[in-house]
Q: 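Please read through the structure below; I'll follow up with questions.
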Amino acid sequence: MVRLRFAPSPTGYLHVGGARTALFNWLYAKKNNGKFLIRIEDTDTERSSKDFEEIILNSLKWLGLLWDEGPDVGGDFGPYRQSERLEIYRKYAEKLVSEKKAYYAIYNNNNEEIEKSFEKPSNFKNKDYSFVIKFIVPKEGKTYFDDLLKGKMEFENKLFDDFIIIKSNGYPTYNFAVVVDDHLMKITHVFRGEDHLSNTPKQILIYDAFKWESPIFMHIPLILGEDKTPLSKRHGGTSVTYFQENGFLKDALLNYLAILGWSVEKEVFNVFDEIKKFDPSKISNKSVVFDYKKLEWINGQHLRTSPIEKIEKEFLEYLKLVKLKIANVNRAYFQEVITICREKVNTLKQLYDISYPFFFDDFIYEEDYIKKFLLKPEAETILKTAIEKLNKINNFTLEEIEKNLRLIAEELNLGTKKVFQTIRGAVFGKLVTPGLFESIKVLGKQKTIERLNKTLIFRSNYEK
RNA sequence: GCCCCCAUCGUCUAGCGGUCUAGGACACUGGCCUUUCAAGCCAGAGGCACGGGUUCGAAUCCCGUUGGGGGCGCCA
C-alpha cells in the first residue's frame, strides 16, 4: 500500500506552492487507494505556532484535500507533530552514536566546536557549554537516488560536512526528523518542492546508516512570480486563504494548481473526477510562473458550469467568511439571482458586487449613469413610460417584459440603448448588470416599479 | 565561490530524429452577436535562447555558452 504525506511547518499560511505539493501527494495516494497523511514539522521552536497549524489545516480542509492520519485525527503511526516525537528522535540519534555513525559535538559560548565525543557529555551541564549530535558523512564515495522527475541523481559525499541531527535544545533538525518519521510512518513516496533536492543526498545517507530503505522521491519544480523570482506577496496573494477570501472556488484553485505544469486534454475539469488520470511523471520538469489571469478564467469556467446548488453553497460560505451579509431572501430567489449574475463574473467577490442590487435597495447610482442617462431630458419620460407599461403586464414573463420595454423605444422614437440603459440604471443603479429583461423578471414587478418611482424622485431632487 | 535543476509564443504547455510552413489554452488585437458588460463564435499577431557538433535530416540527440531557479543553517 502506498502512503504519502504532506508535511508543512506551521510558520505561515498555506502557500499555493505548498497546496500544489499537497495536491500531488493526495492525488497519487487516492489514485492508488493508498493513505494520505499530514505531519506537522514544528521543530523550529522560534517560528512555529499553533495558530498557523490550524490555518494550514483549515486551508487543506477547505480545498477538500482530506487526510487519513494526522495531528487532529490521529492514526497508527502518531504522534503526527514532530514536537511530540522528541524522544523518538533522541533514541535513534543515540543509536547512531553508539554505532559510531554520529557523535556529540561540544560548543563553547563563542559557538566554536571544542570537542567531539561518542560519550554523552554529562559533565558539560554548566552554562558555558552546549552540545549537539552530528551525523558523520563518509569522506568518500557518492550517494545516488532516482528521482521520479529528475531521473538518476548523484552527489559526491565529500561535498557535505558532518551535519547536526539533534540541536542543543534537544530538537531534531529537519533532515534527521524527516527521515526518521518517513521511515516510521511507512511513507512510500515523497513528493516535495525542488528546494529540497539538495537535501535528499543527506537524507539518503541517514537511511543508509540505519540500513533503512528510502522512499521514492519526486521533486516538484517551484512556482514563480511573473518576474521569475519565487512567488511572494510582491506578486499578489500567495496563500490559500487569500484566494479563499477573494472569492475563488476551491475546485478552480485545485484545477489551476493541477494544470500548472501538468498537461491534460481538456484544461477545465474537477480534480476529484480525474484522480485516475493523474500521472506524476507527466508533471513538467520546469519551474512555472503563476498566472493570476488564467486562474481567474478557470474560476469563471467553474463558476458558470458547476451545479447551481454547489455555487450557492460556496457563495454562502464565502459571504460568511468575509463577513458580508445579504438580505434575507428565499432560496429560489437567491438561486435565480446567482444563475443570471454568474454569467457576467469570474469570482464570488465579483458575484457579490454584481448581485448587490438584487438584495438591497440602498445601492447608490453610479456617477456615469447619472451623468450620461438620468439627467438627460428624455429620462423622465422613459421612466414614466416604463412604469406605466410594466404596471399593465399581468403575466410578468420575460417575453412580456421585453415586448413592452422595446415598445417604449419605439413609441418615444429613441434608441434601445438609451432606453434600456436609463431603465437599467434606474432599477439597479449601475450600467452593467445581467440582461435587463431577466434582471427585471427576477427582481419582480412590484420591486421594479418601486425602484423606478424612487429613481424619479431622486432625479427631481437632484435637479434641486 | 562550490554543487544541483531547468530552457518551445508574454504565460502554461503539445512535440520524444522526418507527419513542424511548430499545435492548443490564458492574455492581447480585430470582427460577429448585441439592451450594458461579459460569455460565446470567427479571425489575427506572437515562440523552438545562442554557438558548435552527430545525422541524409534536429525543437527533438551530444557538448559548450548564456540566462533563470534551487541548495551549501542548531530554517524547513
Q: Regarding A:Leu436, tell me which of base, sugar-phosphate or nothing describes its non-hydrogen contacts under 4.0 Å with the strands shown.
A: base

Q: A:Tyr13 OH to B:A76 C1': how many Å, rounded?
A: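 The answer, rounded to whole Å, is 19 Å.
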
Q: Could you tell me whether A:Asp42 and A:Arg81 have a side-chain N and a carboxylate O separated by less than 4.0 Å?
A: no

Q: Students often get this wrong, so: under 4.0 angstrom with heavy atoms, is A:Phe437 touching a base, only sugar-phosphate, or nothing?
A: base

Q: Hey, is the side chain of A:Lys228 poking within less than 4.0 Å of OP1 or OP2 on B:U11, counting only N and O atoms?
A: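 Indeed, a polar side-chain atom of A:Lys228 lies that close.
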
Q: According to a strict under-4.0 Å criterion, is A:Thr433 in side-chain N/O contact with OP1 or OP2 of B:U36?
A: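 Checking A:Thr433 against B:U36: no side-chain N or O falls below 4.0 Å of OP1 or OP2.
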
Q: Going by an N to O cut-off under 4.0 Å, is there a salt bridge joining A:Glu226 and A:Arg234?
A: no

Q: What's the CD1-P distance between A:Ile440 and B:U35, to the nearest Å?
A: 14 Å

Q: Measuring to OP1 and OP2 of B:A76, would you say a side-chain N or O of A:Arg47 lies under 4.0 angstrom away?
A: no

Q: For the base of B:A76, is there a side-chain donor-acceptor partner from A:Asn199 under 3.5 Å away?
A: yes

Q: Give the nucleotide from the list B:G69, B:C37, B:C26 with an atom nearest to the side chain of A:Thr229.
A: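 The listed nucleotide nearest to A:Thr229's side chain is B:G69.
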
Q: Hey, is the side chain of A:Thr43 poking within less than 4.0 Å of OP1 or OP2 on B:A76, counting only N and O atoms?
A: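 It does, given that an N or O in the side chain of A:Thr43 lies less than 4.0 Å from OP1 or OP2 of B:A76.
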
Q: By the 4.0 Å heavy-atom rule, please label A:Glu343 as base, sugar-phosphate, or nothing.
A: base

Q: Hunt down the Watson-Crick or G-U wobble partner of B:C41, both distances under 3.5 Å, from any strand shown, or write none.
A: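 B:G31 is the nucleotide pairing with B:C41.
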
Q: A:Lys266: which residues meet the salt bridge (charged side-chain N to carboxylate O under 4.0 Å, His left out) condition with it, sequence neighbours left out?
A: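 Result, salt bridge (charged side-chain N to carboxylate O under 4.0 Å, His left out) vs A:Lys266: A:Glu274.
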
Q: Looking at A:Lys167 and A:Asp44, is there a salt bridge between them, counting it only when a charged N and a carboxylate O are closer than 4.0 Å?
A: no

Q: Think A:Asn285 has a side-chain N or O under 4.0 angstrom from the OP1 or OP2 of B:C6?
A: yes

Q: Which of the following nucleotides, B:C74, B:G70, B:C12, is nearest to the side chain of A:Val288?
A: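 That would be B:C12.
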
Q: Indicate whether OP1 or OP2 belonging to B:G40 is found under 4.0 Å from a side-chain N or O atom of A:Gln301.
A: yes

Q: What is the distance, rounded to the nearest whole Å, between atom CD1 of A:Ile223 and atom P of B:G70?
A: 13 Å

Q: At under 4.0 Å between heavy atoms, what does A:Ile164 touch on the DNA or RNA strands: base, sugar-phosphate, or nothing?
A: base

Q: Tell whether A:Lys150 reaches the base of B:C5 with its side chain through a donor-acceptor pair below 3.5 angstrom.
A: no

Q: Partner lookup for B:C74, please. Criteria are Watson-Crick or G-U wobble with both distances under 3.5 angstrom; report none if nothing qualifies.
A: none

Q: Can you say whether a donor on the side chain of A:Ser168 sits under 3.5 Å from an acceptor on the base of B:C74, or the other way round?
A: yes

Q: Once you measure the plane-to-plane angle for A:Phe290 and A:Tyr292, does it fall in the parallel (<30°), tilted (30-60°) or perpendicular (>60°) bin?
A: perpendicular

Q: Distance criterion of 3.5 Å, no angle test: do you see the side chain of A:Lys294 paired donor-to-acceptor with the base of B:A27?
A: no

Q: In the structure shown, which nucleotide is the Watson-Crick or G-U wobble counterpart of B:U54, with both distances under 3.5 Å?
A: none

Q: Which class fits the ring pair A:Phe437 and A:Phe420: parallel under 30°, tilted 30 to 60°, perpendicular over 60°?
A: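 Perpendicular, since the angle between the ring planes exceeds 60°.
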
Q: Using the C1' atom on both, measure B:U19 against B:C28 and round to a whole Å.
A: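 About 31 Å, rounded to a whole number of Å.
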
Q: What's the closest nucleotide to the side chain of A:Asn175 if the choices are B:C4, B:G24, B:A76?
A: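 Closest nucleotide among those given: B:A76.
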
Q: The side chain of A:Ser9 lies closest to which of these nucleotides: B:C3, B:A76, B:G70?
A: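 My answer, after comparing the listed nucleotides, is B:A76.
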
Q: Please work out whether the ring planes of A:Phe315 and A:Tyr318 are parallel, tilted or perpendicular, with thresholds of 30° and 60°.
A: parallel

Q: For atom NZ of A:Lys441, decide whether the heavy atoms of other residues, nucleotides or ligands shown that lie under 6.0 angstrom number more than 12.
A: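 At most 12 heavy atoms, drawn from other residues, nucleotides or ligands, come within 6.0 Å of this atom.
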
Q: Which nucleotide in the list B:C2, B:A27, B:A76 gets nearest to the side chain of A:Lys293?
A: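 So the side chain of A:Lys293 is nearest to B:A27.
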
Q: Please determine, for B:A49, whether a Watson-Crick or G-U wobble partner exists with both distances under 3.5 Å, and give it or none.
A: B:U65

Q: Name the closest nucleotide to the A:Val432 side chain, picking from B:C37, B:A76, B:U8.
A: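 Selected nucleotide (nearest to the side chain): B:C37.
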
Q: Base, sugar-phosphate, or nothing: which does A:His196 touch, judged by heavy atoms less than 4.0 Å apart?
A: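 A:His196: base contact, heavy atoms under 4.0 Å.
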
Q: B:A25 P sits how many Å from A:Tyr256 OH, rounded?
A: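 Result: 17 Å.
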
Q: Please state how far atom NZ in A:Lys152 lies from atom C1' in B:C5, giving the value in whole angstrom units.
A: 17 Å

Q: Taking atom P of B:A76 as reference, at what distance in whole Å does atom CG of A:Leu14 sit?
A: 19 Å

Q: What nucleotide among B:G70, B:C26, B:C5 has an atom nearest to a side-chain atom of A:Met153?
A: B:C5

Q: Of the nucleotides B:A7, B:A39, B:G70, which one has an atom closest to the side chain of A:Lys286?
A: B:A7

Q: Nearest whole Å is fine: how far is B:A38 C1' from A:Lys430 NZ?
A: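 These atoms are roughly 14 Å apart.
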
Q: Using OP1 and OP2 only, check whether a side-chain N or O of A:Ser284 sits under 4.0 Å from B:U13.
A: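 For B:U13, OP1 or OP2 has a side-chain N or O of A:Ser284 closer than 4.0 Å.
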
Q: OP1, OP2 of B:C4 versus side-chain N and O of A:Lys202: anything below 4.0 Å?
A: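 No.
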
Q: Using heavy-atom distances to pick each residue's nearest nucleotide on RNA chain B, tell me which of A:Gly435 and A:Lys282 is more 5'.
A: A:Lys282

Q: Could you check A:Phe155 against A:Arg406 and say which one's nearest nucleotide on RNA chain B is further toward the 5' end?
A: A:Phe155

Q: Nearest of B:G70, B:U35, B:A27 to any side-chain atom of A:Thr416?
A: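 For A:Thr416, the side-chain atoms sit closest to B:U35.
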
Q: Given B:C5, B:C3, B:U35, which nucleotide is nearest the side-chain atoms of A:Leu197?
A: B:C5

